[in-house]
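First up is the structure itself, then whatever we jot down about it.
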Amino acid sequence: MTDDTQRVSTARLLDRRDERVAHADTLSGTIGAFVDRVRSGDLGSLPVVVGLLIICTAFQSLNPVFLAPDNLVNLLFDCSTVGVISLGIVCVLMVGEIDLSVGSVSGFSSALIGVLWVNQDWPVAVAVVTALVLGASIGALYAFLFNRLGMPSFVSTLSGLLAWLGLQLYLLGSSGSINLPYGSPLVNFGQMLVMPPIVSYTLAALAGVVVFATGYRMAARRRAAGLSASTLSRLLLKAALVIVVLEFIVYYLNLARGVPWMFGLFVGLCVVMNYALKRTKWGRSMSAVGGNREAARRAGINVRQIHMTAFMLCSTLAAAGGILGAARLASSSQQAGTGDVNLNAIAAAVIGGTSLFGGRGSAYSALLGIIVIQSIASGLTLLDLSSSLRYMITGAVLAVAVIVDSLARRSRVSHGRA
């Protein structure tokens with residue numbers, strides 16, 4: 001091939017790329033690109049968003065109270081405790097492992113708060129820090145058993161489920177529960193504290209600004225590398241849409257008590273975790289280890305260290321969820337962390353879109369998944385239906401989520417995007 005022929009061929013390719021970019025900037029092009037991503041298995045949050053819309057529509061038609069501001073505020077309070085635990089589950093699923101003891105760790109943390117703060121008269125801040133440090137130590141123990149002794153995470157965390165539950169029962173003793181002081185800052189945080197309207201409106205607007213700034217920076221880097229990038233008008237439209245939606249949600253919640261600070265803490269943790277997973281070397285290493293552990297090791301990634309951080313984060317967030325649960329109930333009891341807490345935390349991460357096969361996931365999976373689960377629980381409670389239905393419906397939703405994930409994974413493989 002001559003130099004002139006090469007130049008003509010290159011020019012044609014560039015013209016075609018420019019045509020595709022220009023077409024993508026149109027509404028039909030944007031829709032077409034979205035359809036192509038879905039057909040190739042890149043579903044993102046689409047399934048859970050569609051499922052949440054169906055759930056809300058069904059329960060609202062059966063009981064108009066479901067979408068009332070007061071009920072939604074209570075729903076957000078309830079989402080925060082298990083949601084924080086589920087955020088830790090996202091970490092271990094990202095590396096292709098599992099932690100079955102998060103419920104027991106949260107219950108043990110709740111009992112520890114009651115014993116140290118109420119019975120031993122420790123300052124509440126010291127008791128909270130102690131519980132979090134012990135939670136991190138539990139994760140470090142799991143990582144040691146996995147990295148050094150080769151014990152599967154399923155077995156080690158199943159053993160931990162029994163061990164920490166037994167320790168929780170031992171700490172609480174024959175009384176079975178310890179009431180936390182009403183009116184204390186921790187209990188108020190878990191039950192009553194909401195954001196002032198000006199704060200919630202400002203944070204909603206700030207979210208849109210962050211979306212625009214992040215997208216603009218990414219577009220600039222792609223243009224510098226000679227790649228196609230979103231236009232300024234599309235970025236402004238996306239940011240405006242985010243601001244309008246969030247401001248309306250905040251306005252609607254402020255018709256009742258407002259946005260709970262505890263839910264704000266949960267969302268803040270999701271934002272920080274998502275940034276760490278998507279924008280840092282550590283997060284890319286997590287995805288690499290979950291995708292192919294041996295390939296990650298050959299690429300120079302410290303696989304043992306990645307597993308250590310994943311397990312420690314999971315147990316620390318489980319402990320934090322237990323503390324928030326104690327604040328929400330104003331007590332440390334033998335029932336804390338038991339029942340469906342463990343399964344709901346795992347189910348929320350999977351329903352929200354984190355893959356059970358490892359390597360794919362998002363911190364927002366925990367946020368979306370727990371809203372779905374808590375919406376089902378709230379709707380059935382308003383209808384005065386048996387909790388057995390909640391278990392069956394949640395199980396069905398979880399099964400559908402895993403099936404969708406498996407089919408999407410096959411589609412990505414067939415399209416060369418795995």
Side-chain angles (χ1 to χ4, degrees), residues 74 77-86 88-89 99-142 145 155-193 262 311 314-346 374 377 381 386-388 390-391:
N74 289 329
F77 267 111
D78 294 334
C79 283
S80 305
T81 56
V82 181
V84 171
I85 301 174
S86 181
I89 290 293
D99 189 340
L100 300 176
S101 68
V102 288
S104 295
V105 172
S106 69
F108 166 63
S109 175
S110 171
L112 195 64
I113 288 293
V115 170
L116 296 181
W117 180 22
V118 178
N119 292 357
Q120 302 297 324
D121 202 27
W122 285 28
V124 61
V126 177
V128 168
V129 171
T130 301
L132 293 176
V133 170
L134 286 177
S137 301
I138 291 171
L141 174 61
Y142 291 151
L145 295 175
V155 177
S156 61
T157 58
L158 182 60
S159 301
L161 182 153
L162 300 173
W164 312 127
L165 175 59
L167 190 55
Q168 173 188 353
L169 299 178
Y170 175 79
L171 287 175
L172 293 174
S174 58
S175 63
S177 65
I178 299 173
N179 293 326
L180 304 184
Y182 282 101
S184 62
L186 183 62
V187 173
N188 285 338
F189 182 78
Q191 293 186 341
M192 294 186 297
L193 287 185
M262 188 160 68
F311 281 111
C314 183
S315 292
T316 302
L317 289 170
I323 296 169
L324 294 177
R328 178 69 176 146
L329 299 175
S331 70
S332 302
S333 69
Q334 293 180 348
Q335 284 70 43
T338 59
D340 57 0
V341 172
N342 206 42
L343 295 180
N344 279 349
I346 298 173
Q374 202 59 47
T381 300
S386 169
S387 60
S388 60
R390 176 164 61 91
Y391 287 122

**Request:** Specify the closest pair of heavy atoms between Leu161 and Tyr142, including all atoms of both residues, with the distance to one decimal.
**Result:** N-OH, 4.5 Å
**Fill in**
In this structure, CG of Leu162 is separated from OG of Ser101 (nearest 0.5 Å) by 10.0 Å
**Request:** Would you confirm whether Ser86, through its side chain, and Ala345, through its main-chain N or O, come within 3.5 Å as a donor-acceptor pair?
**Result:** yes
**Asked** Under the 3.5 angstrom rule, does the side chain of Gln120 hit a backbone N or O of Ala127 as a donor-acceptor pair?
**Response** no
**Prompt:** For Asp99, does its backbone N or O pair with a side-chain atom of Thr157 as donor and acceptor, under 3.5 Å?
**Reply:** no
**Complete:** Residues passing the side chain to side chain donor-acceptor pair (under 3.5 Å) test with Asn119, sequence neighbours excluded, are none
**Prompt:** Which atom pair, heavy atoms only, marks the closest approach of Val187 to Ala330?
**Reply:** CG1-CB, 3.9 Å
**Complete:** Residue set satisfying side chain to side chain donor-acceptor pair (under 3.5 Å) with Asn342, at least two apart, ordered chain then number -> none
**Message:** What verdict does the side chain to side chain contact (heavy atoms under 4.5 Å, CB included) test give for Met262 and Thr81, after you've listed the backbone C-alpha separation in whole Å, the side-chain angles of each residue and the deciding distance to 0.1 Å?
**Reply:** CA-CA 8 Å; Met262 188 160 68; Thr81 56; 4.2 Å; yes
**Prompt:** Roughly how far, to the nearest 0.5 Å, is the CZ atom of Arg328 from the OG atom of Ser80?
**Reply:** 8.5 Å
**Item:** Steps toward side chain to side chain contact (heavy atoms under 4.5 Å, CB included) verdict (Ile138, Phe311)
**Value:** CA-CA 8 Å; Ile138 291 171; Phe311 281 111; over 6 Å; no
**Message:** What I'd like to find out is whether the side chain of Phe108 reaches to under 4.5 Å of the side chain of Leu134, using heavy atoms alone.
**Reply:** yes
**Worked check of side chain to side chain contact (heavy atoms under 4.5 Å, CB included) between Cys314 and Val102** = CA-CA 8 Å; Cys314 183; Val102 288; 3.6 Å; yes
**Cys79 side, atom SG; Asn74 side, atom CG - distance, nearest 0.5 Å** = 11.0 Å
**Complete:** Correct closest heavy-atom pair for Leu180 and Ser332 would be CD2-OG, 4.0 Å
**Asked** To the nearest 0.5 Å, what is the distance between CG (Leu158) and OG (Ser104)?
**Response** 9.5 Å
**Complete:** Distance col, row Ile113:CD1 vs Ile323:CD1, nearest 0.5 angstrom, shows 4.5 Å
**Item:** Gln168 side chain to Ala336 backbone, donor-acceptor under 3.5 Å
**Value:** yes
**Request:** Kindly say whether Gly183 contributes a backbone atom to a donor-acceptor pair with the side chain of Asn188 at under 3.5 angstrom?
**Result:** yes
**Prompt:** Looking at Ser333 and Leu172, what are the two nearest heavy atoms and their distance?
**Reply:** C-CD1, 3.3 Å
**Request:** Provide the closest heavy-atom pair for Ser110 versus Ser331 in the form atom of the first, atom of the second, distance.
**Result:** OG-O, 4.0 Å
**Asked** If you look at every heavy atom in Ala320 and Val84, which pair is closest and at what distance?
**Response** CB-CG1, 4.1 Å
**Item:** Donor-acceptor pair, side chain of Ser109 and main chain of Gly322, under 3.5 angstrom
**Value:** no
**Prompt:** Less than 4.5 Å apart, any side-chain heavy atom of Gln191 and any of Tyr182?
**Reply:** yes
**Item:** Reported OG-to-CG distance for the pair Ser106 and Leu317, which is rounded to 0.5 angstrom
**Value:** 11.5 Å
**Prompt:** Would a 4.5 Å heavy-atom cut-off, applied to side chains only, mark Trp117 and Pro181 as touching?
**Reply:** yes
**Message:** I'd like to check Val124 versus Ser184 (side-chain heavy atoms, cut-off strictly below 4.5 Å). Are they in contact?
**Reply:** no
